[in-house]
Amino acid sequence: MRELVLYDTMTKAKRAFVPIDAKKIRMYVCGPTVYDFAHIGNARPIIVFDVLFRLLRHLYGEAHVTYVRNITDIDDKINARAAERGVSIRTLTEETAKQFHADIAALGVLPPTHEPRATDHIAEMIAMIERLIRANAAYAAEGHVLFNVEAKADYGRLARRSLDEMIAGARVDVAPFKRNPMDFVLWKPSDDKTPGWESPWGRGRPGWHIECSAMGEALLGETFDIHGGGIDLVFPHHENEIAQSECAHGGAPLANYWMHNGFLQVEGQKMSKSLGNFVTIHDALKDWPGEVLRFNMLRSHYRQPIDWTERGLKESETILGRLEDRASGAEKASVAAPVLDALLDDMNTPQAIAELHQEKDEGALAASLAFLGFASDKTKNDKRLPAGTDEAAIEAMVAARFAARKAKDFKEADRLRAELEAMGVILKDGPEGTTWELKR
RNA sequence: GGCCACGUGGCGGAGUGGUUACGCAACGGUCUGCAAAACCGUGUACCCCGGUUCAAUUCCGGGCGUGGCCUCCA
């Protein structure tokens with residue numbers, strides 16, 4: 001078997017994956033901020049890193065891979081939404097997290113090993129901030145605590161930007177208490193109406209980046225193998241995570257491999273609420289089986305941009321349906337070697353899918369589909385029947401037509417077929433009888 | 001303005017310094033009471049302009065286009 005090769009954003013190159021400890025593979029992926037329905041763009045890293053999680057478990061054994069994906073449940077967008085709705089942030093985040101879990105489960109995503117919530121780790125964040133102050137990498141000013149980017153000689157390395165460039169490019173007014181314009185907030189004060197926690201710097205709340213540093217350290221240690229997320233997180237979030245963690249850890253690297261998935265557009269345009277093309281996972285699941293959404297996502301390489309289109313989804317449904325048809329009923333064998341090889345090459349899922357088409361052995365095909373997270377043949381007839389019909393009624397009509405056809409009453413048979421077609425049901429006559437499925 | 005990605009046949013989408021990607025759709029055929037499905041067959045692409053090379057879609061430079069990011073807050 002070939003070795004696993006991953007593209008590392010830090011070095012901008014594919015590198016052989018060498019684990020720190022093959023018995024303890026550790027991966028951290030930035031999870032959602034839970035204040036509203038997750039959209040289809042949020043689903044991309046969830047699905048992409050789910051494939052990586054499955055691959056790592058396959059290579060190193062299920063017991064030897066730890067996958068942490070956090071839930072951000074303290075954030076100013078959360079505060080604003082909770083205040084708007086007049087509920088506590090806990091109520092809002094619990095509700096949203098629950099919805100998130102339901103959505104991604106439908107996408108065939110395995111639960112991560114740990115799913116820490118920021119508010120459960122405030123103490124660790126405060127402790128880390130204190131360490132940063134002691135290490136002269138952070139300072140308190142006017143109720144805030146700021147990270148001093150000058151404490152990190154290679155700040156900007158991940159994003160490949162120098163401090164000078166960033167300062168020159170800054171478009172926003174700089175808070176007067178900052179020592180360097182690029183200094184970022186570790187802790188900020190909360191007024192009486194804003195959620196807050198007691199700290200050495202008064203009642204306040206954490207900045208955005210510190211939670212991932214604190215939770216990563218708590219669950220995975222100072223240095224772990226893989227850190228992942230969307231490419232939009234490279235700067236500032238991951239850059240700042242690195243700065244915080246490495247300064248708190250005496251320079252030990254935060255992660256050995258940095259992986260970022262590409263962005264997603266909808267029908268050729270950027271997804272935004274104002275354009276009205278904002279697709280939530282929840283809404284997409286009303287129109288398509290979760291497996292089709294997953295397949296559509298994996299038809300593009302994770303680092304490539306992806307254009308999310310109706311046409312593409314239809315095509316995905318057709319392709320996946322055919323693959324699952326071929327695999328259905330087969331005893332699962334082992335994952336096809338070419339499929340695995342494609343995944344080992346920086347998770348080349350389009351190549352893996354191409355290999356699926358070439359796979360002649362149905363057992364290997366079934367196993368490969370399952371390995372990629374397509375666990376069933378539920379894609380078709382996903383119980384999304386037209387309003388006012390039910391499965392029993394359709395079955396009865398199908399049977400009636402079959403009888404008519406057998407009696408060579410083709411006129412009646414065609415009439416029934418036309419009627420079924422009007423309901424969106426397509427018939428398939430085979431030697432064993434007639435099967436049906438829903439057309440789209 | 002700065003930094004960074006991407007641009008492949010009707011569509012989706014890998015990959016490669018010189019050989020068929022693959023799939024969807026389309027078209028032709030087999031099969032079928034008629035269909036659908038399935039199966040067989042057909043198609044020859046790499047944004048533009050230079051450069052390097054015996055040879056570039058594939059390496060280098062420039063251009064154009066699309067997208068992402070550019071401290072807290074937005």
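Predicted, not measured: the structure shown is a model, and the values here were computed from it. Letters A, B, ... mirror the listed sequences (proteins, then strands); counts begin at 1.
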> Can the positive tip of A/Arg54 be found less than 6.0 Å from the middle of the six-membered ring of A/Phe371, inside 45° of the ring normal?
Replying inline: no

> Is A/Lys314 near enough to B/C24 that one of its side-chain N or O atoms lies under 4.0 angstrom from OP1 or OP2?
Replying inline: no

> Taking only side-chain nitrogens and oxygens of A/Lys188, does any of them come within less than 4.0 Å of OP1 or OP2 of B/C73?
Replying inline: yes

>> What does the 5'-to-3' dot-bracket notation of RNA chain B look like when only Watson-Crick and G-U wobble pairs under 3.5 Å count, and pairs to other strands show as |?
In response: (((((((..(((.....[...))).(((((.......)))))....(((((..]....))))))))))))....

> Between B/A14, B/G67, B/C72, which nucleotide gets closest to the side-chain atoms of A/His301?
Replying inline: B/A14

>> Expressed as a whole number of angstroms, how long is the span from A/Leu323:CG to B/A37:C1'?
In response: 15 Å

> Can you find a donor-acceptor N/O pair under 3.5 angstrom joining the side chain of A/Asp414 to the base of B/G33?
Replying inline: yes

> So what does A/Glu355 touch, heavy atoms closer than 4.0 Å: a base, only the sugar-phosphate, or nothing?
Replying inline: nothing

>> Whether the side chain of A/Glu315 and the base of B/G23 hold a donor-acceptor pair under 3.5 Å is what I'd like checked.
In response: yes

>> Go nucleotide by nucleotide along RNA chain B from the 5' end; which of A/Ala354 and A/Lys408 gets its closest nucleotide reached first?
In response: A/Ala354

> Given B/G13, is OP1 or OP2 found less than 4.0 Å from the side-chain N or O atoms of A/Ser300?
Replying inline: yes

>> For a quick check, tell me whether the side chain of A/Arg417 and the base of B/C34 share a donor-acceptor pair closer than 3.5 Å.
In response: yes

> Rounded to the nearest Å, what distance is computed from the CZ atom of residue A/Arg322 to the P atom of nucleotide B/C39?
Replying inline: 8 Å

> Say you pick atom P in B/U57 and the same atom in B/G9; how far apart are they, in whole Å?
Replying inline: 14 Å

> Looking across every strand, which nucleic acid part, if any, lies under 4.0 Å from A/Leu427 by heavy atom: base, sugar-phosphate, or nothing?
Replying inline: base

>> Which residues pass the side-chain hydrogen bond (donor to acceptor under 3.5 Å, both in side chains) test with A/Thr93, not counting sequence neighbours?
In response: none

> Charged N to carboxylate O below 4.0 Å: is that the case for A/Glu130 and A/Arg134?
Replying inline: no

>> Any heavy-atom pair between the side chains of A/Leu186 and A/Met128 that's under 4.5 Å?
In response: no

> For A/Asn348, which contact category applies under a 4.0 Å heavy-atom criterion: base, sugar-phosphate, or nothing?
Replying inline: sugar-phosphate

> Will you find, in the side chains of A/Tyr35 and A/Asp73, an N or O donor that is under 3.5 Å from an N or O acceptor?
Replying inline: no

> What class does the angle between the rings of A/His238 and A/His260 fall in, given that below 30° is parallel, 30 to 60° is tilted and above 60° is perpendicular?
Replying inline: tilted

Could I get a table of every N or O pair under 3.5 Å where one atom is in the protein and the other is in nucleotides 4-8 of chain B?
from : atom 1 : to      : atom 2 : distance (Å)
B/C4 : O3'    : A/Lys12 : NZ     : 2.6
B/A5 : OP1    : A/Lys12 : NZ     : 2.5

>> Measure CZ/A/Phe235 against P/B/G2 and give the value in whole Å, please.
In response: 17 Å

> For atom P, what is the distance between B/G29 and B/G68, given to the nearest Å?
Replying inline: 47 Å

> Between A/Trp308 (CH2) and B/G13 (P), how many Å, whole number?
Replying inline: 12 Å

> Can you find a pair of side-chain heavy atoms, one from A/Leu323 and one from A/Phe374, that are under 4.5 Å apart?
Replying inline: no

